[in-house]
Amino acid sequence: MYMENKITKELIIDGVLFNSFEEFFDLMRMLLDGDNQTEMRPTIENLRKIMEKQKDYYILLTWENADLSKITFGYDLTAKYYRDRMDEHPEYEEYAEAAEKQLGRTLFGLITDIFMDKESDYHCELLLVDGMRMADYVFDYHKLSATYDVELVSEKNYEDVLQLYLDNMQYFDQLGIVPTIETVKQDAKRCPHDCDPANQYFVLLRDPDVVGAARIYLHYPRQDAVWIDFIMIPGDMQGFSYGSEMLRDMLDAFADCGFMWAEAGYVKGNRQAEKFWHRNWFVDLLTETREEDGLIYHHMIRGLQ
């Protein structure tokens, strides 16, 4: 009888739309405590307080793309969360050390435990929904752009690719490379060792002059993901959202094929690339940086479905 008197609140959150506890806290406060204008810091304790105010409600919370949240709320991010708050909460040092040793709970685990706490005065049903697996598909690289003609990079257009490279020397300066035709040839064959070369596509976009290039790997680093190695446009087109327009077309094409995730990386310190991916709704996977050729690459991800 007690539960029948409760008003149901149905909430849906999407793990694609946040990648830090602060963002998650702001979202939950807006959804559950939006009328309260009191300043609240994003802490575990305050999240519990928000939930404790829900005693009059029966909460049905669906957490979509929970598999992504399990990654972005991993041990590294958990440890950083506790380390940043140890001055005010000395007890967090123990939690941080446990997280760093991968012995503690992930932040995702702590949060879901709060919602599932059956000893509390509130009642919440939590449904975790992972991203759906991709369906059968037929990939056509010509459909990577709705605006421009798309062709594969080959010996016929190596010179065009080189001119585009020379127009983007900031990128190559950071890599410590002076691009040549040999660089283009190597890039046309470049493929991660754990990716099927048949799933590598290095393409040029034309209108009819070259307006961009991109290298992508299908089914990498997972079966339902696409890795976008880079998108490059001429210097006189930069700053006018042409790159973002090309990227949006590509993401639509990947989604139509059933891919669940688009992933990318940028070299640490490349603020131009970092801003580009963030502007297009990619989030950092702080636990999955990788080192190649002595450089640190930040791994990013975005949901497609």
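The figures here come from the full heavy-atom set of this structure, side chains too, leaving out hydrogens, waters and symmetry mates. The structure presented is a predicted model; accordingly, all values stated were derived computationally and were not measured.
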Determine, stepwise, if the pair Tyr217 / Asp196 fulfils side-chain contact (heavy atoms from CB on, under 4.5 Å). CA-CA 9 Å; Tyr217 304 111; Asp196 185 343; over 6 Å; no
Result of checking Trp277, Trp261, Trp281 against Arg302 for side-chain contact (heavy atoms from CB on, under 4.5 Å):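 Among the candidates, only Trp281 passes.
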Taking the ring of [Y] and the ring of [X], is the distance between their centroids below 6.0 Å?
X	Y	answer
Tyr165	Phe172	yes
Phe259	His219	yes
Tyr171	Tyr266	no
His299	Trp227	yes

Side-chain contact, heavy-atom cut-off 4.5 Å: [X] with [Y]?
X	Y	result
Ile13	Leu31	yes
Leu251	Ile228	yes
Tyr122	Ile114	yes
Met169	Pro179	yes

Taking atom NZ as the centre, does Lys143 end up with more than 12 heavy-atom neighbours from other residues, nucleotides or ligands that are less than 6.0 angstrom away?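 Result for NZ/Lys143: open.
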If you count heavy atoms of other groups shown closer than 6.0 angstrom to NZ of Lys275, is the number above 12?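 No, because the 6.0 Å sphere around NZ of Lys275 holds 12 heavy atoms or fewer from other groups.
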With a 4.0 Å cut-off on N to O distance, would you call Arg248 and Glu245 a salt bridge?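 Glu245 and Arg248: not salt-bridged.
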Would you call Arg41 and Glu88 a salt bridge, taking side-chain N to carboxylate O under 4.0 Å as the test?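 Yes, this pair counts.
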Audit row: Arg271, Glu274, salt bridge (Lys or Arg N to Asp or Glu O under 4.0 Å) steps and yes/no: CA-CA 5 Å; Arg271 292 288 296 162; Glu274 180 182 3; 2.8 Å; yes
If Ile, Leu, Val, Met, Phe, Trp and Tyr residues are connected whenever their side-chain heavy atoms lie under 4.5 Å apart, and connections chain through other members, are Leu164 and Ile177 in the same group?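 Looking at the clustering, Ile177 is in the same group as Leu164.
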Output all residues satisfying side-chain contact (heavy atoms from CB on, under 4.5 Å) with Arg206, sequence neighbours left out; order by chain, then residue number.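 Only Glu151, Asn157, Asp160, Leu204, Val210 meet the side-chain contact (heavy atoms from CB on, under 4.5 Å) criterion with Arg206.
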Which heavy-atom pair separates [X] from [Y] by the least distance, and what is that distance?
X	Y	answer
Met246	Val211	CE-O, 3.0 Å
Asn280	Ser244	ND2-OG, 3.1 Å
Gly269	Gln174	C-NE2, 3.7 Å

Measure from the side-chain N and O atoms of Glu10 to the backbone N and O of Leu61, and report whether any donor-acceptor pair falls under 3.5 Å.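 Not at all, since once roles are kept as given, no pair shorter than 3.5 Å links the two residues.
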Check whether Asn168 reaches the backbone of Ile233 with its side chain - one donor and one acceptor, N or O, closer than 3.5 Å.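 Yes.
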Report the relative orientation of the aromatic rings in Phe25 and Phe21; use parallel for angles under 30°, tilted for 30 to 60°, perpendicular for over 60°.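 Taking Phe21 first and then Phe25, their aromatic rings sit tilted (interplane angle of 30° to 60°).
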On the 0 to 90° scale, with breaks at 30° and 60°, tag the Phe108-Trp63 ring pair as parallel, tilted or perpendicular.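 Perpendicular.
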